[in-house]
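This report concerns only the one structure given below.
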Amino acid sequence: MTTPSYIFLAGASRGVGREIAQRLTSQQFKVKALLRTDATRHELEAMGIKVVLGDAMNVEDIERAMLADEPIDAVITTIGGLAKDNSRADYIGNKNLIDVAVKAGVKRFILVTSIGSGNSVVALSPQILEALQPVLIDKEKAEQHLIVSGLNYTIIRPGGLQSEAATGNGVLTEDPHIAGMINRADVAQLVCCCLNSNAANNKVLSAIDANMLFGQREFEKFNVD
């Protein structure tokens with residue numbers, strides 16, 4: 001990804017998406033970010049990010065942003081919502097991004113969802129699953145849409161998220177039974193490592209901090225090198 005092509009980022013206004021934006025720009029990647037409002041526009045532009053206003057729930061907005069003159073090498077999306085929200089981007093918004101990415105011919109699509117989605121449902125307690133069920137259903141639908149899209153994909157399912165500084169102990173695993181916590185900055189590091197990793201092609205990975213596991217279950221770490 002040393003060409004002038006852009007990485008297209010959805011979700012850069014806050015949380016894991018903002019951490020990814022900071023890491024990408026610090027590594028001199030060219031980033032184009034999709035924002036629903038201009039509330040954080042100046043902050044992102046000060047980081048050197050090209051901002052396009054648009055709503056992921058509106059496919060025309062995404063086409064306008066992604067099918068412009070600048071080529072898009074990769075798409076990273078962290079967008080989603082809360083269980084209480086009437087309208088969430090977890091499925092429809094990400095589906096729109098996936099569909100337009102196919103049209104744009106992007107080389108990699110990274111979707112950040114959550115432990116509890118898909119076959120990692122076995123990792124969470126019944127109480128947590130009940131609270132998160134509407135969101136997890138939407139996230140799994142987005143994952144499945146990406147898997148059958150034909151795109152080169154990586155799906156990353158973080159555990160419980162915290163907003164502390166990176167510990168450097170974030171790890172990936174293909175084991176769907178693993179659960180734990182992880183700092184958002186460590187998720188961002190793992191996402192960025194997957195950008196240029198052939199090993200991460202078409203993989204579904206859980207992301208946790210090795211020192212914040214729930215329980216003592218042994219698991220095999222996934223090496224992105």
Do N58 and R64 get their side chains close enough for a donor-acceptor pair, meaning under 3.5 Å?
no
How long is the span from the OG1 atom in T78 to the CD1 atom in I156, to the nearest 0.5 Å?
11.5 Å
Salt bridge (charged side-chain N to carboxylate O under 4.0 Å, His left out) contacts touching residues 183-208 (sequence neighbours left out)
E174-K203
Under 4.5 Å between side-chain heavy atoms, hopping through other hydrophobics if needed: is there a path connecting I137 to L129?
no
Is the shortest distance from a Lys or Arg side-chain nitrogen in D99 or K103 to a carboxylate oxygen in the other one below 4.0 Å?
no
Side chains of E220 and F222 in contact at under 4.5 Å (non-hydrogen atoms)
no
Salt bridge or not for E45 and K50, using N-O below 4.0 Å?
no
Under a 4.5 Å cut-off applied to non-hydrogen side-chain atoms, are F8 and L34 in contact?
yes
Between T113 and E143, do the side chains contain an N or O donor and an N or O acceptor separated by less than 3.5 Å?
yes
Do you know which two heavy atoms are closest between T167 and N183, and how far apart they sit?
CG2-ND2, 3.5 Å
Which pair of non-hydrogen atoms, one from E63 and one from V100, has the smallest distance, and what is that distance?
CG-CG2, 3.7 Å
What's the verdict on side-chain contact (heavy atoms from CB on, under 4.5 Å) for V191 and V112, showing C-alpha distance, side-chain angles and the deciding distance?
CA-CA 8 Å; V191 168; V112 180; 3.9 Å; yes
Kindly indicate whether a cation-pi arrangement holds for K141 with Y91, taking the cut-offs as under 6.0 Å to the six-membered ring centre and within 45° of the axis.
yes
Step by step, would you call V187 with I20 a side-chain contact (heavy atoms from CB on, under 4.5 Å)?
CA-CA 8 Å; V187 178; I20 292 171; 5.8 Å; no
Looking at R36, I'd like to know if its CZ atom is crowded, meaning that more than 12 non-hydrogen atoms belonging to other residues, nucleotides or ligands lie closer than 6.0 Å.
no
Between the CD1 atom in I128 and the CD atom in Q133, the distance rounded to the nearest 0.5 Å is 14.0 Å
Say you draw a straight line from CD of E130 to CG of L136; how long is it, rounded to the nearest 0.5 Å?
12.0 Å
In the structure I gave you, are the side-chain heavy atoms of I76 and L195 within less than 4.5 Å of one another anywhere?
yes
Quick check: does any side chain N or O of D90 sit under 3.5 Å from a backbone N or O of V135, one acting as donor and the other as acceptor?
no
Output, in order, the C-alpha distance, side-chain angles, deciding distance and verdict of salt bridge (Lys or Arg N to Asp or Glu O under 4.0 Å) for E43 and R18.
CA-CA 10 Å; E43 297 171 25; R18 174 60 70 90; 3.0 Å; yes
When you measure from the side chain of S197 to the backbone N and O of A200, does any donor-acceptor pair fall under 3.5 Å?
yes
Over all atoms of both residues, closest heavy-atom pair of R88 and M57:
O-CE, 3.4 Å
Using a 4.5 Å cut-off on heavy atoms from C-beta on, say whether the side chain of L205 contacts that of T173.
no
The salt bridge (Lys or Arg N to Asp or Glu O under 4.0 Å) partners of E164 (sequence neighbours excluded) come to none
L190 side chain near I182 side chain, heavy-atom distance below 4.5 Å:
yes
Once rounded to the nearest 0.5 Å, what's the spacing between atom CD1 of I110 and atom CD1 of I7?
8.0 Å
When Ile, Leu, Val, Met, Phe, Trp and Tyr are grouped by side-chain heavy atoms lying under 4.5 Å apart, directly or through other members, which residues fall in the same group as F214?
M181, M212
Look up atom CG in L172 and atom SG in C193, then write down how far apart they are to the nearest 0.5 Å.
8.0 Å
Minimum heavy-atom distance L124-I115, with the two atoms named
CD1-O, 3.4 Å
Please give me the minimum heavy-atom distance between S114 and K139, naming the atom from each residue.
CB-CD, 3.8 Å
Nearest-0.5 Å distance, CG of residue N201 to NZ of residue K107:
13.0 Å
When you group the ILVMFWY residues by side-chain heavy-atom contacts below 4.5 Å and let the links chain together, are L97 and V52 in the same group?
no
Under the 3.5 angstrom rule, does the side chain of D73 hit a backbone N or O of Y6 as a donor-acceptor pair?
no
Looking at I79 and A56, what are the two nearest heavy atoms and their distance?
CD1-CB, 3.6 Å
Do you see a donor-acceptor pair shorter than 3.5 Å between the side chains of T154 and R108?
yes
Measure the shortest side-chain to side-chain distance between L213 and I208 over non-hydrogen atoms and say whether it is less than 4.5 angstrom.
yes
L146 vs F109 side-chain heavy atoms within contact, under 4.5 Å
yes
Any N94 side-chain heavy atom under 4.5 Å of L111 side chain
yes
